[in-house]
Amino acid sequence: MEEIKLDISRVHQFISAKEINQLSQETLVAQNTLYQGDGQGNDYLGWLHLPKEITSAMIDGMEQAVAGLREKTEVLVAVGIGGSYLGARAVNDALAHNFAHLQKDQKAPHMLFAGQNIGEDYMHELLELLDEKEYSIVVISKSGTTTEPAIAFRILKNHLEQKLGKEEARDRIIAVTDASKGALRQLAGKEGYRSYVIPDNVGGRFSVFTPVGLIPLAICGVDIRELVSGALEMSKRCDPSIPFEENPAALYACTRNALYRSGKKIELLVNYHNKLHYVSEWWKQLYGESEGKEGLGIFPAAVDNSTDLHSMGQYIQEGERTLFETVISVEQADHQISIPGDADNLDQLNYLEGKNIDHVNKMAELGTILAHLDGGVPNIRISLPALNARWLGQLLYFFENACGISGYMLGINPFNQPGVEAYKRNMFALLEKPGFEKETASIKSRL
Ligand code: PA5
């Protein structure tokens, strides 16, 4: 049967199956805490059962609501940061044509991003491009007050209004935000934007299956029904009724915590498919923001192979032995290109004649896994049958579920992010934001 497979057999030369089993009870207690909803941060568990709560009618509603906008949009600018941006980007980039922006026959709007950085040149160049394009905006912020997207949206809103007039601009802007709180909700109400709600009980990094992810993806032609149905399938495989050995989320959470306790403090998420780069970025936020607390947590890092084998490969092979790898492998490439023969064979590649590029990629993957094992890097492998909306839905939900379990195994609250406020306080003090006068005086004394 085709399914996402989790293979932990290549950690056993570092941690025995018996040691992993010894941690299974603790894993199941953490899983129980998650499903009972009696752990820390339990007011943010809305994501857990979300896939089965999204009805077909809700998906139809979203698809229909954005159909008109899709027709007149060449570029969709998704404005948001962190959890309000990475889910849509992960799925979009995994499924879009690599060179979609240069293709003549545009099948669906291209998704571009704003508010995910504070780059002045980035914004300038984006505006230059948008001068020439038919564009629409989805602005996403749960709090409605995050500085980066708020600045970007203010600028883009002005640009769109100047370009098309207020009426048409209003028709091309969708807001995704809290049901009642925050500046964006107020603005959406005042301007009359179409809007969608981010449920109170779903935090940003767990929000890809809410309108935060689904609305921009639907506009850009992603099959959100398949995405959600993949998530639903995986939610069944991760259910507590599924025995530990067959439950991918429990097994992954258990294995990575066993490795962590044995001194493997860094997890490298490795892909051999360039379109998965932003899945790794999404995963880094999910695990980094959920687990990095109270002096604890596996540090989430990522590499894109084989590209990064030529930059990070040396460290992974021989650097400090605190790493383990989780490889995401895509079994079937969408397209086949075989390597041609050459009469002169000056590049000495004729031994590969007739082989597909993906065969070489798979041998690079396997060879690297074995080399890293020899170098002391344990390996977890997750294989996807192919890269499409269904398997991505499964993959993202699997990581979310395992993250909840893993966070509780660490003994922290996986659903808050108190640490992200520290830089904001300093930035507001330095920007002399009203209300931060005391902090401004104190930070200036440190400069
Ligand atoms: O996961 C999180 O909570 C954060 O990454 C937020 O999503 C991010 O800071 C953006 O916040 P907001 O959606 O309130 O603008």
Side-chain angles (χ1 to χ4, degrees), residues 40-48 50 77-92 113-118 137-157 173-188 193 195-217 278-293 297 300 302 396-397 399-404 406-407 412-428 433:
Q40 299 184 68
N42 58 359
D43 39 355
Y44 283 96
L45 292 177
W47 58 272
L48 189 60
L50 203 53
V77 187
V79 181
I81 196 166
S84 289
Y85 132 84
L86 282 165
R89 184 154 201 181
V91 176
N92 179 72
F113 303 89
Q116 86 285 24
N117 62 37
I118 332 178
I137 301 172
V138 178
V139 53
I140 306 165
S141 176
K142 185 170 188 200
S143 62
T145 55
T146 307
T147 309
E148 292 91 332
I151 291 173
F153 182 60
R154 184 185 272 214
I155 292 168
L156 287 165
K157 172 180 182 291
I173 294 174
I174 295 181
V176 184
T177 188
D178 186 86
S180 54
K181 296 188 295 285
L184 183 57
R185 171 54 60 199
Q186 260 188 312
L187 189 64
Y193 299 147
S195 68
Y196 289 85
V197 169
I198 308 175
D200 266 352
N201 58 359
V202 181
R205 58 190 175 275
F206 289 86
S207 68
V208 59
F209 300 113
T210 73
V212 171
L214 300 181
I215 288 296
L217 289 168
Y278 270 93
V279 169
S280 297
E281 294 302 309
W282 171 87
W283 172 89
K284 274 158 60 178
Q285 187 205 0
L286 181 68
Y287 280 82
E289 221 168 74
S290 298
E291 295 195 324
K293 289 160 202 172
L396 301 188
Y397 183 85
F399 277 135
E400 288 183 354
N401 195 293
C403 184
S406 189
I412 48 86
N413 177 352
F415 304 113
N416 65 1
Q417 54 283 327
V420 299
E421 295 309 312
Y423 96 89
K424 290 185 194 168
R425 275 195 302 276
N426 287 347
M427 179 177 77
F428 292 146
K433 184 174 177 173

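Ligands are counted one by one from 1 in listed order, and the atoms in each one are counted from 1 as well. Because the structure is predicted, anything quoted here is derived from the model rather than measured. Both backbone and side-chain heavy atoms feed into the values below; hydrogens, waters and symmetry mates do not.
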Checklist line | Nearest heavy atoms of Ser84 and Lys142, plus distance in Å | finding: OG-N, 4.1 Å

Next item on the list: Please state whether the rings of Phe153 and Tyr193 are parallel, tilted or perpendicular, taking 30° and 60° as the class boundaries.
Entry: perpendicular

Check: Phe399 vs Tyr287 aromatic rings, parallel, tilted or perpendicular, using cut-offs 30° and 60°?
Finding: perpendicular

Check: Taking Tyr44 for the side chain and Asn416 for the main chain, is one N or O donor matched with an acceptor at less than 3.5 Å?
Finding: no

Note to self: Can you tell me how the ring of Tyr278 sits relative to the ring of Tyr85, calling it parallel under 30°, perpendicular over 60° and tilted otherwise?
What the structure shows: perpendicular

Item checked: Amino acids contacting ligand 1, non-hydrogen cut-off under 4.0 Å -> Ile81, Gly82, Gly83, Ser84, Ser141, Lys142, Ser143, Thr146, Gly204, Arg205, Gln285, Glu289, Gln417

Next item on the list: Please answer whether the main-chain N or O of Asp178 pairs with a side-chain N or O of Arg185 as donor and acceptor at a distance below 3.5 Å.
Entry: yes

